[in-house]
Peer 1: 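Next up is a structure, given as structure tokens.
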Amino acid sequence: MFKKILIANRGEIAIRVMRACRTMGIQSVAVFSDADRNSMHVMLADEAYNIGPAPSLQSYLNIEKIIEVCKKAKVDAVHPGYGFLSESSVFAEALKKAGIAFIGPTVANIEAMGDKIASRDLMQKAGVPIVPGTPGPVKDVEEAEKWAKEIGYPVIIKASAGGGGKGIRVVLDPKELASSFRACQSEGFNYFKDDRVFIERFIQAPKHIEIQVFGDTHGNVVHLYERECSVQRRHQKLIEESPSPSVPPEVRERMGAVAVKAAKSINYVGAGTIEFIFDNNTKEFFFMEMNTRLQVE
């Protein structure tokens with residue numbers, strides 16, 4: 001049983017975790033940058049520590065400083081919230097070495113799902129349906145043209161380490177392939193220091209469906225059904241609806257079972273989200289990626 005938890009985050013999510021801690025009789029420790037000195041999460045915590053200047057790289061992303069505070073405050077565990085260090089295997093590993101529990105997935109979980117190409121391969125081996133596409137990264141335009149022709153237009157090009165709408169291009173016309181391929185490579189490198197890209201079939205009547213899963217350390221996994229996230233702008237979700245108005249009941253049950261199967265295949269621990277692309281024409285669904293963290297919603 002944890003007696004004291006540090007929340008390595010700020011704002012709304014830090015407040016939610018602190019309220020849960022209070023309900024459970026657990027002491028909470030806040031961290032804050034110079035800019036957040038008078039924030040509500042600082043006032044609500046049992047203890048609070050300054051971790052540096054306003055820029056997040058010098059404060060909320062400063063692993064060394066956060067672990068220093070963990071030791072000073074003698075906490076049992078760290079809750080990362082979402083964003084910042086929530087999907088950092090480096091942070092999870094550093095906490096493990098310091099003898100502090102990470103309230104989230106294992107280092108292996110984060111690393112397995114953090115790479116879109118590797119995660120596609122893992123899911124395919126586990127028998128989880130994936131969108132037809134390249135078996136690995138595509139090295140140049142010539143290879144991209146060959147694969148796009150084989151998959152069949154339209155196709156979608158994705159950066160392996162992409163996220164937040166970055167490193168994604170839909171190609172309807174073969175003439176646009178070369179420029180789109182280079183743009184995805186460039187965004188992947190500029191935003192994530194990884195220029196590897198892969199190509200998939202573009203689902204023309206797509207619905208973006210997510211299923212939240214929770215796993216424990218005894219091999220048990222449950223899901224909390226789906227939410228539809230199809231209303232988007234620049235690949236960023238604007239509205240989420242649950243239950244999905246698009247997914248038929250029989251597909252909903254199958255999708256939930258597949259989400260649990262996917263999580264169990266990597267011995268997933270903690271909260272996570274399996275993202276599916278659902279073809280509204282054929283009623284097929286395919287694994288897209290997994291977020292190894294608590295979702296904002």
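Just so you know, residue 1 is the first one in the sequence shown, and it goes up from there. Please read all numbers here as calculations on a predicted model, not as lab measurements.
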Peer 1: Taking all non-hydrogen atoms of both residues into account, name the closest pair between A54 and A35 and its distance.
Peer 2: CB-CB, 3.8 Å

Peer 1: Can you get from V171 to V138 by hopping between Ile, Leu, Val, Met, Phe, Trp and Tyr side chains that sit under 4.5 Å apart?
Peer 2: yes

Peer 1: Measuring from Y225:OH to R252:CZ, what's the distance to the nearest 0.5 Å?
Peer 2: 8.5 Å

Peer 1: Could you tell me which residues satisfy side-chain hydrogen bond (donor to acceptor under 3.5 Å, both in side chains) with S246, sequence neighbours excluded, listed by chain and number?
Peer 2: E228

Peer 1: Under the side-chain contact (heavy atoms from CB on, under 4.5 Å) rule, what do V128 and S265 come out as? Steps first, then yes or no, please.
Peer 2: CA-CA 10 Å; V128 173; S265 74; 5.7 Å; no

Peer 1: List the atom pairs, donor and acceptor, that lie under 3.5 Å between side-chain atoms in residues 2-13 and the rest of the protein, sequence neighbours left out.
Peer 2:
unit_1: K4; atom_1: NZ; unit_2: E47; atom_2: OE2; d: 2.6
unit_1: K4; atom_1: NZ; unit_2: A73; atom_2: O; d: 2.8
unit_1: N9; atom_1: ND2; unit_2: P80; atom_2: O; d: 2.8
unit_1: N9; atom_1: ND2; unit_2: Y82; atom_2: O; d: 2.8
unit_1: R10; atom_1: NE; unit_2: D36; atom_2: OD2; d: 2.8
unit_1: R10; atom_1: NH2; unit_2: D36; atom_2: OD1; d: 3.1
unit_1: E12; atom_1: OE1; unit_2: Y82; atom_2: OH; d: 2.5
unit_1: E12; atom_1: OE2; unit_2: R16; atom_2: NE; d: 2.8
unit_1: E12; atom_1: OE2; unit_2: R16; atom_2: NH2; d: 3.1

Peer 1: Could you give the distance from CD (E150) to CD1 (I199), rounded to the nearest 0.5 Å?
Peer 2: 11.0 Å

Peer 1: Inspect the surroundings of CG in L238 and state if more than 12 heavy atoms from other residues, nucleotides or ligands are less than 6.0 Å away.
Peer 2: yes

Peer 1: Could you pull out all residues at least two apart from K65 that satisfy side-chain hydrogen bond (donor to acceptor under 3.5 Å, both in side chains)?
Peer 2: E68

Peer 1: Could you list the residues that satisfy salt bridge (charged side-chain N to carboxylate O under 4.0 Å, His left out) with R196, not counting sequence neighbours?
Peer 2: D115, D194

Peer 1: How would you list, by chain and number, every residue that makes a ring-ring contact (aromatic ring centres under 6.0 Å, His included) with F276, sequence neighbours excluded?
Peer 2: F285

Peer 1: Excluding sequence neighbours, so at least two apart, what forms side-chain hydrogen bond (donor to acceptor under 3.5 Å, both in side chains) with Q124?
Peer 2: none

Peer 1: Under the rule for salt bridge (charged side-chain N to carboxylate O under 4.0 Å, His left out), what residues qualify as partners of E143, not counting sequence neighbours?
Peer 2: K139

Peer 1: Measure across F84 and S56 and return the closest heavy-atom pair with its distance rounded to 0.1 Å.
Peer 2: CE2-CB, 3.8 Å

Peer 1: I want to check something: taking the side chain as every heavy atom from C-beta on, are F286 and E200 in contact at a cut-off of under 4.5 Å?
Peer 2: no

Peer 1: Quick one: side-chain hydrogen bond (donor to acceptor under 3.5 Å, both in side chains) pairs with a partner in residues 174-186, sequence neighbours left out?
Peer 2: S186-N190

Peer 1: Determine all donor-acceptor pairs shorter than 3.5 Å in which one atom belongs to a side chain in residues 100-112; sequence neighbours excluded.
Peer 2:
unit_1: T106; atom_1: OG1; unit_2: N109; atom_2: N; d: 3.0
unit_1: T106; atom_1: OG1; unit_2: N109; atom_2: OD1; d: 3.1
unit_1: T106; atom_1: OG1; unit_2: N109; atom_2: ND2; d: 3.3
unit_1: N109; atom_1: OD1; unit_2: T106; atom_2: N; d: 3.3
unit_1: N109; atom_1: OD1; unit_2: V269; atom_2: N; d: 3.1
unit_1: N109; atom_1: ND2; unit_2: I266; atom_2: O; d: 2.9

Peer 1: If you draw a 6.0 Å radius around NZ in K72, do more than 12 non-hydrogen atoms from other residues or ligands fall strictly inside?
Peer 2: no

Peer 1: Same hydrophobic cluster for I51 and I67, using side-chain heavy-atom links shorter than 4.5 Å among ILVMFWY?
Peer 2: yes

Peer 1: Show me the pairs that pass side-chain hydrogen bond (donor to acceptor under 3.5 Å, both in side chains) and involve residues 90-101, at least two apart or across chains.
Peer 2: none

Peer 1: Restricting to side-chain hydrogen bond (donor to acceptor under 3.5 Å, both in side chains), what partner residues turn up for D34, sequence neighbours left out?
Peer 2: N50

Peer 1: Could you state the interatomic distance from CD (Q212) to CD (E226), rounded to the nearest 0.5 Å?
Peer 2: 12.5 Å

Peer 1: I'd like to know if the side chain of H41 and the backbone of V31 have a donor-acceptor N/O pair within less than 3.5 Å.
Peer 2: yes

Peer 1: Return the CG to CD distance between D140 and E145, rounded to the nearest 0.5 Å.
Peer 2: 9.0 Å

Peer 1: Mind checking ring-ring contact (aromatic ring centres under 6.0 Å, His included) for Y191 and listing every partner two or more places apart, or none if nothing turns up?
Peer 2: none

Peer 1: Quick check: are there more than 12 heavy atoms from other residues, nucleotides or ligands sitting under 6.0 Å from CE of M24?
Peer 2: no

Peer 1: To the nearest 0.5 angstrom, please state how far the CD1 atom of I66 sits from the OH atom of Y60.
Peer 2: 9.0 Å

Peer 1: According to a hydrophobic-cluster definition based on side-chain heavy atoms being under 4.5 Å apart (Ile, Leu, Val, Met, Phe, Trp, Tyr only), do V90 and V78 belong together?
Peer 2: yes

Peer 1: Whether E87 and R293 form a salt bridge (side-chain N of Lys/Arg under 4.0 Å from carboxylate O of Asp/Glu) is what I want to check.
Peer 2: yes

Peer 1: Mind checking the CD1-CG spacing from I156 to L172? Nearest 0.5 Å is all I need.
Peer 2: 10.5 Å

Peer 1: Check whether any side-chain N or O of D216 sits under 3.5 Å from a backbone N or O of G219 as a donor-acceptor pair, and report yes or no.
Peer 2: yes

Peer 1: Count I, L, V, M, F, W, Y as connected when their side-chain heavy atoms are under 4.5 Å apart, and connections chain through other members. Are V17 and F32 then in the same cluster?
Peer 2: no

Peer 1: With a cut-off of 6.0 Å (strictly less than), are more than 12 heavy atoms of other residues, nucleotides or ligands near CD of E250?
Peer 2: yes

